[in-house]
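These notes concern the structure reproduced below.
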Amino acid sequence: MKVSLSSLFFFLFTTLLFSQTKILSWNIENFGKSKSETQLNFIANTIKDYDIITIQEVVAGYGGAQSVAKLVEMLNQKGSKWDYQISNPTSSSAYKTERYAFIWKTNKAKLKGNTWLEKKYNLEIDREPYFVTFEIDKKSITLVTFHAITKSKQPETEIKYFKFLPAEYPNLNLIFIGDFNCPQSHTVFNPLKKMGYTSILQNQKTSLKQKCQTNNCLASEFDNMFYKINSINYINSGILPFYKKFNSLKEARKISDHIPIWIEFSMK
């Protein structure tokens with residue numbers, strides 16, 4: 001049987017396409033009952049082309065989990081089958097407790113085992129990170145989503161404990177994701193970098209200003225992902241400046257005061 005060059009190219013292209021995974025992370029401010037159906041639909045349309053979504057700042061009380069479920073219901077009407085997991089409320093008593101969420105396309109990722117909030121450092125970290133392990137292309141990856149305390153409260157006092165997590169979970173392929181309220185250039189990330197981790201964004205602001213100044217609408221370099229260089233094949237990464245779809249920054253900020261960030265990769 002003779003195989004044409006075009007058929008071979010198509011096979012290789014589709015195989016490569018299937019093996020690529022896109023993760024999106026978004027701190028969606030006060031994600032709960034305050035989000036209208038129109039706003040939830042805007043969020044769904046913004047994230048639907050990605051494979052795994054993590055959301056920080058899901059409201060811990062009534063409305064948070066319900067809004068995640070509503071968002072997934074909307075996504076399921078847009079052409080793909082999605083599933084989701086929501087964390088318990090973080091154990092913070094001194095600060096604002098929240099939940100985290102993971103949403104994923106079932107044909108791209110399979111949930112492995114239980115999800116959990118970090119137990120060992122829950123006293124040192126106000127909103128302890130949330131761990132989810134996925135099987136992608138028969139290989140495992142563990143996503144660790146996190147929302148640090150605000151810059152004024154010195155988030156580096158929490159982030160410094162992240163250097164212990166690779167040793168705590170030596171058999172897991174960890175990717176640290178979220179709103180660190182701290183730029184990747186901060187020395188607190190140096191221990192992770194020395195272990196072979198790198199950030200997907202450098203010198204990229206991800207939070208919104210109160211008002212744009214001569215088309216400059218981004219304030220601070222807060223959101224990022226850190227992956228181990230030898231554990232995945234990095235393809236691309238970036239931001240989604242969703243605020244450009246609104247007539248004013250004030251309107252955009254009703255969705256969130258942060259923009260989504262994303263990475264595209266394949267498993268090694």
Side-chain angles (χ1 to χ4, degrees), residues 23-119 121-122 125-134 142-150 158 175-181 223 225 240 242 253-262:
I23 297 174
L24 179 141
S25 173
W26 198 354
N27 175 336
I28 304 180
E29 185 179 21
N30 196 29
F31 189 78
K33 60 185 178 183
S34 67
K35 301 300 181 200
S36 68
E37 187 133 338
T38 301
Q39 289 170 330
L40 287 174
N41 195 52
F42 177 86
I43 293 166
N45 283 326
T46 303
I47 67 179
K48 66 184 173 66
D49 293 330
Y50 294 80
D51 304 313
I52 301 172
I53 316 295
T54 179
I55 300 172
Q56 301 91 33
E57 212 169 312
V58 176
V59 171
Y62 181 79
Q66 290 80 359
S67 293
V68 174
K70 181 67 178 173
L71 177 62
V72 174
E73 187 182 311
M74 289 179 172
L75 285 167
N76 277 325
Q77 295 168 1
K78 297 181 186 293
S80 296
K81 176 73 176 75
W82 297 77
D83 202 352
Y84 68 102
Q85 286 278 323
I86 305 171
S87 76
N88 290 326
T90 54
S91 60
S92 165
S93 55
Y95 201 56
K96 183 183 169 190
T97 183
E98 294 170 4
R99 295 180 191 265
Y100 300 104
F102 277 100
I103 308 170
W104 65 94
K105 287 177 178 169
T106 56
N107 69 333
K108 292 293 291 188
K110 181 182 175 185
L111 185 68
K112 279 189 74 177
N114 296 322
T115 66
W116 71 95
L117 288 165
E118 171 55 38
K119 302 170 187 74
Y121 300 106
N122 70 316
I125 302 173
D126 269 337
R127 293 180 293 232
E128 65 272 34
Y130 182 48
F131 291 68
V132 177
T133 300
F134 289 108
T142 301
L143 308 183
V144 186
T145 190
F146 176 60
H147 183 199
I149 52 177
T150 58
E158 296 185 320
I175 296 185
F176 301 108
I177 302 174
D179 173 11
F180 295 93
N181 277 312
D223 304 82
M225 304 186 198
L240 295 183
F242 77 91
R253 286 176 64 96
K254 290 178 182 176
I255 298 289
S256 185
D257 55 353
H258 286 247
I259 59 174
I261 64 170
W262 58 270

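As the structure is a computational prediction, the values presented were derived from the model and not from experiment.
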Looking at E29, is its backbone amide N or carbonyl O close enough to the side chain of S256 to form a donor-acceptor pair, meaning the two atoms are under 3.5 Å apart? yes
Between E98 (side chain only) and Q56 (backbone N and O only), is there a donor and an acceptor less than 3.5 Å apart? no
In Å and rounded to the nearest 0.5 Å, what is the NE2 to CG distance from H147 to D126? 11.0 Å
Any chance you could measure I261, atom CD1, to I177, atom CD1, to the nearest 0.5 Å? 7.5 Å
Does the side-chain contact (heavy atoms from CB on, under 4.5 Å) test come out yes or no for E118 and F146, once each step is laid out? CA-CA 10 Å; E118 171 55 38; F146 176 60; over 6 Å; no
Minimum-distance pair of heavy atoms, taken over all atoms of K35 and I28: CE-CG2, 3.9 Å
At their closest point, which heavy atom of N30 faces which heavy atom of S34, and how far apart are they? O-OG, 3.3 Å
State, yes or no, whether a side-chain contact exists between L111 and D83 at a heavy-atom distance under 4.5 Å. no
Just so I know, are the side chains of Y130 and T90 near enough to count as touching, which here means a heavy-atom distance under 4.5 Å? no
Nearest-0.5 Å distance, CG of residue D49 to NZ of residue K78: 10.5 Å
In the structure I gave you, are the side-chain heavy atoms of E128 and S91 within less than 4.5 Å of one another anywhere? yes
Less than 4.5 Å apart, any side-chain heavy atom of K33 and any of V59? no
Of the non-hydrogen atoms in N181 and A148, which two are nearest, and what is the gap between them? ND2-O, 3.0 Å
Give the ring-plane orientation class for W104 versus F134, where under 30° counts as parallel, over 60° as perpendicular and anything between as tilted. perpendicular
Apply side-chain contact (heavy atoms from CB on, under 4.5 Å) to the pair I86 and Q66, showing each step before the final yes or no. CA-CA 10 Å; I86 305 171; Q66 290 80 359; over 6 Å; no
So, taking the atom named NZ in K119 and the one named CZ in F131, what distance separates them when rounded to the nearest 0.5 Å? 8.5 Å
Distance col, row F176:CZ vs L143:CG, nearest 0.5 angstrom, shows 11.0 Å
Could you tell me whether the side chain of S67 and the main chain of G32 form a donor-acceptor pair under 3.5 Å? yes
Name of the residue among W26, Y84, W82 meeting side chain to side chain contact (heavy atoms under 4.5 Å, CB included) with I53: W82
Got T115 and F102 here, is their nearest side-chain heavy-atom distance under 4.5 Å? no
Which heavy atom of R99 sits nearest to which heavy atom of N88, and what is that distance? NH1-CA, 3.8 Å
I43 vs I255 side-chain heavy atoms within contact, under 4.5 Å: yes
A quick test of your reading: do over 12 heavy atoms of other residues, nucleotides or ligands sit less than 6.0 Å from NZ of K110? no
Please report the C-alpha distance between L71 and I55 in whole Å, then the side-chain angles of each, then the deciding distance to 0.1 Å, and finally whether the side-chain contact (heavy atoms from CB on, under 4.5 Å) criterion is met. CA-CA 11 Å; L71 177 62; I55 300 172; 3.9 Å; yes
Look up atom CG in N41 and atom NZ in K70, then write down how far apart they are to the nearest 0.5 Å. 9.5 Å
Could you check whether any side-chain N or O of S87 sits under 3.5 Å from a backbone N or O of Y100, counting only pairs where one atom can act as donor and the other as acceptor? yes
Would you call E57-K96 a salt bridge at under 4.0 Å N-O? yes
Geometric class of the W262/Y50 ring pair [parallel <30°, tilted 30-60°, perpendicular >60°]: tilted
Check whether any side-chain heavy atom of M74 sits under 4.5 Å from a side-chain heavy atom of N45, and report yes or no. no
Contact summary for V144 and P129, nearest pair of heavy atoms: CG1-CB, 3.5 Å
Apply the side chain to side chain donor-acceptor pair (under 3.5 Å) test between N27 and each candidate in D179, D223, T54, D257; give the one that qualifies. D179
Flag side-chain contact, heavy atom, 4.5 Å: R127 against L117: no
Could you walk me through whether V132 and I52 satisfy the side-chain contact (heavy atoms from CB on, under 4.5 Å) test, starting with their C-alpha distance in whole Å, then the side-chain angles of each, then the deciding distance to 0.1 Å, before giving a yes or no? CA-CA 11 Å; V132 177; I52 301 172; over 6 Å; no
Heavy atoms of I149 and E158 approach each other most closely as N-OE1, 3.1 Å
Are the side chain of D51 and the backbone N or O of K105 linked by a donor-acceptor pair below 3.5 Å? no
